[in-house]
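So the structure is just underneath, and the comments pick up after that.
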Amino acid sequence: MNDCLFCKIIAGEIPSKKVYEDELCYAFYDIAPLAPTHFLVVPKAHLASAAEVTEESAAVVGHIYAVIAKLAKELGFSDGYRVVTNVGAIAGQTVHHLHFHVLAGKELGSFN
Ligand code: AMP
Ligand code: ZN
């Protein structure tokens, strides 16, 4: 997508600190970390949010969770981490390209 920040990061037009990349997804550290480990995993194909996931595009979401599980082992936080995706401004989504926050390295507390 022309004017999408994360599409520009995937294309290398805006710098990022890469964690992982394959043909389907790209992972990079969040610029404003909320935990000692905080990175984002995004599908390379633009989708605005999880609300746009269809049966046709759903496989990439499973792939991203498998990548996160692999990275958790490799990076040493497989004992506990949080995966979050915000959908829409009302939930705090500021970048409208589907992304999964991966947070680890501290007591994360409960949601409620
Ligand atoms: P959300 O609020 O769920 O849309 O999350 C967007 C996230 O993208 C926030 O945690 C931001 O800190 C992060 N972010 C924004 N710009 C960049 C950037 N250029 N590089 C890395 N992370 C970014
Ligand atoms: Zn995009």
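As the structure is a computational prediction, the values presented were derived from the model and not from experiment. Counting starts at 1 for both ligands and their atoms, in listed order. Along the sequence shown, residues carry numbers from 1.
Aromatic pair His99/His97: ring centres not closer than 6.0 Å. Between Tyr26 and Phe6, the distance from one ring center to the other does not fall under 6.0 angstrom.
Closest N/O/S atom of His97 to the Zn ion (ligand 2): ND1.
Between Phe39 and Tyr29, the angle of the ring planes goes over 60°, which puts this pair in the perpendicular group of the 30/60° scheme.
Between the side chain of Arg82 and the main chain of His101, no donor-acceptor pair closer than 3.5 Å is present. A donor-acceptor pair is defined here as one N or O able to donate and one able to accept, closer than 3.5 Å; such a pair exists between the side chain of Lys106 and the backbone of Leu34. Side-chain atoms of Ser49 come within 3.5 Å of backbone atoms of Ala51 as a donor-acceptor pair (strictly under, hydrogens ignored).
Contacts of Lys44 classified as salt bridge (Lys or Arg N to Asp or Glu O under 4.0 Å), with partners at least two apart in sequence or in another chain: Glu21.
Contact shell of ligand 1 (protein heavy atoms, cutoff 4.0 Å): Leu5, Phe6, Ile9, Phe28, Tyr29, Asp30, Ile31, Ala32, Leu40, Asn86, Gly92, Gln93, Thr94, Val95, His99, His101.
Residue side and main chain included, His96 places no N/O/S atom under 2.8 Å of the Zn ion (ligand 2).
Rounded to 10°, the angle formed at the Zn ion (ligand 2) by Cys7 SG and His46 ND1 is 110°.
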